[in-house]
Chemist: 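Have a look at the structure that comes next, please.
The first residue of the sequence shown is numbered 1, and numbering continues consecutively from there.
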Amino acid sequence: MASNMWEQTAAMAKQHEQQGGVWLKLVNDGDTAVVVFLGEPHPREVVYLDNKFVPFDEKLKAQGHKPSLRVALNVAVYGTREVKVMEQASTFFTNLLQVRTKYGLEKWAFEVKRHGAANDPKTTYSILPECQLPTEEQQAFQALRLHDLPKLYMAEAAAATSGTSPGTSSNAKAGEPVDVKLAQAMATALKALPREAVDRFLQKFGVQRIRDIPASKGELARAFVDSLVAEYSAESVADVDPFGP
């Protein structure tokens, strides 16, 4: 029993690490995530400089740098339906294309597993079908609000230039609460959902009241509310008896 609890706690710890922020990251050998791939890919040519990927441009080309391809994808975590962004190299995308041809991405949840230690340049990722989604689950996942990938990368570039953290508004001061109008809009949306959804929202952001959410997490909170609305709305539609009165 004790051994099982250690394993369960370790799995929960990894899940919480992966849930922070917009990005879904598998950082250690053996890390896994079960996801549903959503939307269109966002490719970009980059160069790895100063321990980070930077967009490839004519200046870097003139300096003799050669670009590599990185592909960003919207994915929904299967257990929570929270939409994250996963960025991978061209090899991963090539494998994903093969999986897409064989299985169809909208019909399955897939296990993505990392093979390689942190910072190992030879790291690879496997993509295996985890479970087939019934029609109502397919509809629920496809209804989720996706991250605007081009806009996300533009925000990251602006944050890097200004020195602020990615996903943080330059106008949001540390500790400043979320905008009142945004808080009211989220509260209105959440009031129409089951208590379970409200509890998930509060637990996700570690607050007891919506107005306690910091301004720096306002957009992320709004996106999470949208995903909850889509999820529970899809469940409500699925529960309707077409032959009922």
Chemist: Where is the tightest heavy-atom contact between Val83 and His147, given as atom of each residue plus distance?
Modeler: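 Heavy-atom minimum between the residues: O-NE2, 2.9 Å.
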Chemist: Is there a side-chain contact between Phe224 and Thr80, using heavy atoms and a 4.5 Å cut-off?
Modeler: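 Not in contact.
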Chemist: Could you tell me which non-hydrogen atom of Arg222 sits nearest to which non-hydrogen atom of Met186, and how far apart they are?
Modeler: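 Shortest heavy-atom separation between Arg222 and Met186 comes out as N-SD, 3.6 Å.
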Chemist: Do Glu137 and Tyr78 make a side-chain contact, defined as non-hydrogen atoms from C-beta onward lying under 4.5 Å apart?
Modeler: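 The answer is yes; the side chains approach within 4.5 Å.
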Chemist: Under a 4.5 Å side-chain heavy-atom rule over Ile, Leu, Val, Met, Phe, Trp and Tyr, are Leu149 and Val22 clustered together?
Modeler: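 Leu149 and Val22: one cluster.
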Chemist: Check step by step if side-chain contact (heavy atoms from CB on, under 4.5 Å) holds for Leu49 and Leu60.
Modeler: CA-CA 10 Å; Leu49 292 174; Leu60 291 173; 3.7 Å; yes
Chemist: Taking atom CD of Gln63 as the centre, does the number of heavy atoms from other residues, nucleotides or ligands within less than 6.0 Å exceed 12?
Modeler: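 More than 12 heavy atoms, drawn from other residues, nucleotides or ligands, come within 6.0 Å of this atom.
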Chemist: Out of curiosity, Gln139 CD to Leu144 CG, how far, rounded to the nearest 0.5 Å?
Modeler: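 Gln139 CD to Leu144 CG: 12.5 Å, rounded to 0.5 Å.
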Chemist: Val198 and Ile213: same hydrophobic cluster, using ILVMFWY side-chain contacts below 4.5 Å?
Modeler: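 Shared cluster, yes.
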Chemist: Would you say the side chain of Val225 lies within less than 4.5 Å of the side chain of Phe201, judging by non-hydrogen atoms?
Modeler: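 With C-beta onward as the side chain, the pair touches.
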Chemist: For atom CZ of Arg100, decide whether the heavy atoms of other residues, nucleotides or ligands shown that lie under 6.0 angstrom number more than 12.
Modeler: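 At most 12 heavy atoms, drawn from other residues, nucleotides or ligands, come within 6.0 Å of this atom.
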Chemist: With a 4.0 Å cut-off on N to O distance, would you call Glu82 and Arg200 a salt bridge?
Modeler: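 No, no charged N to carboxylate O under 4.0 Å.
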Chemist: Do Leu69 and Tyr48 share a hydrophobic cluster, counting only Ile, Leu, Val, Met, Phe, Trp and Tyr and linking them when any side-chain heavy atoms are less than 4.5 Å apart?
Modeler: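 Unlinked, Leu69 and Tyr48 end up in two clusters.
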Chemist: Is Tyr153 reachable from Phe56 through a run of hydrophobic residues whose side-chain heavy atoms are each under 4.5 Å from the next?
Modeler: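 No: no chain of side-chain contacts under 4.5 Å links Phe56 to Tyr153.
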Chemist: For the NZ atom of Lys107 and the SG atom of Cys131, what is their distance to the nearest 0.5 Å?
Modeler: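 Reported value, rounded in 0.5 Å steps: 15.0 Å.
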Chemist: Within the 4.5 Å heavy-atom criterion, are Glu87 and Arg44 side-chain neighbours or not?
Modeler: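 Yes, their side chains come closer than 4.5 Å.
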Chemist: For residues Gly218 and Val178, report the shortest heavy-atom separation together with the two atoms involved.
Modeler: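 Looking at all heavy atoms of both residues, the shortest contact is CA-CG2, 4.0 Å.
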Chemist: Restricting to non-hydrogen atoms, name the atom on Ala197 and the atom on Leu228 that form the minimum distance, rounded to 0.1 Å.
Modeler: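 Shortest heavy-atom separation between Ala197 and Leu228 comes out as O-CD1, 3.7 Å.
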Chemist: Give, for atom CZ of Phe93 and atom CD of Gln98, the distance between the pair rounded to the nearest 0.5 Å.
Modeler: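 Atom-to-atom, Phe93:CZ and Gln98:CD are 11.5 Å apart.
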Chemist: Do any N or O atoms from the side chain of Arg114 and from the backbone of Gly116 form a donor-acceptor pair under 3.5 angstrom?
Modeler: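 A pair under 3.5 Å: yes.
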Chemist: Going by the angle between their ring planes, with limits at 30° and 60°, are Tyr103 and Trp108 parallel, tilted or perpendicular?
Modeler: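 Rings of Tyr103 and Trp108: perpendicular, over 60°.
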Chemist: For residues Val75 and Phe37, determine if any side-chain heavy atom of one lies less than 4.5 Å from a side-chain heavy atom of the other.
Modeler: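 Result yes, sub-4.5 Å side-chain heavy-atom pair found.
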Chemist: Under the side-chain contact (heavy atoms from CB on, under 4.5 Å) criterion, do Val71 and Phe92 qualify, and how do the steps go?
Modeler: CA-CA 9 Å; Val71 181; Phe92 179 92; over 6 Å; no
Chemist: Go through it in stages, so that I can follow the logic: the residues are Thr91 and Thr124, the test is side-chain contact (heavy atoms from CB on, under 4.5 Å), and I'd like the CA-CA distance, side-chain angles, deciding distance and then a yes or no.
Modeler: CA-CA 8 Å; Thr91 303; Thr124 59; over 6 Å; no
Chemist: Treating Ile, Leu, Val, Met, Phe, Trp and Tyr as nodes and any side-chain heavy-atom pair under 4.5 angstrom as an edge, say whether Val46 and Val85 lie in one connected cluster.
Modeler: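 No, no single cluster joins them.
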Chemist: Give me the one residue out of Asn95, Leu26, Leu96 that meets side chain to side chain contact (heavy atoms under 4.5 Å, CB included) with Tyr125.
Modeler: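 Single side chain to side chain contact (heavy atoms under 4.5 Å, CB included) partner of Tyr125 among Asn95, Leu26, Leu96: Leu26.
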Chemist: Please report the C-alpha distance between Leu128 and Lys113 in whole Å, then the side-chain angles of each, then the deciding distance to 0.1 Å, and finally whether the side-chain contact (heavy atoms from CB on, under 4.5 Å) criterion is met.
Modeler: CA-CA 8 Å; Leu128 295 174; Lys113 184 174 183 178; over 6 Å; no
Chemist: Looking only at heavy atoms, what is the nearest atom pair of Pro41 and Leu73, with distance?
Modeler: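 Looking at all heavy atoms of both residues, the closest pair is CB-CD2, 3.7 Å.
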Chemist: Got a second to check how far His115's NE2 is from Thr32's OG1, nearest 0.5 Å?
Modeler: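 Answer rounded to 0.5 Å: 9.5 Å.
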Chemist: Can you find a pair of side-chain heavy atoms, one from Gln208 and one from Leu202, that are under 4.5 Å apart?
Modeler: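 The answer is no; the side chains never approach within 4.5 Å.
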Chemist: Return the minimal non-hydrogen interatomic distance between Met86 and Leu24, and the atom names on each side.
Modeler: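 What the structure gives for the nearest pair is CE-CD2, 3.6 Å.
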Chemist: If you measure from CG on Asn74 to NE2 on His42, what distance do you get to the nearest 0.5 Å?
Modeler: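 So the gap between those two atoms works out to 11.0 Å.
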Chemist: Got a second to check how far Phe205's CZ is from Ile210's CD1, nearest 0.5 Å?
Modeler: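 One finds 10.5 Å between CZ of Phe205 and CD1 of Ile210.
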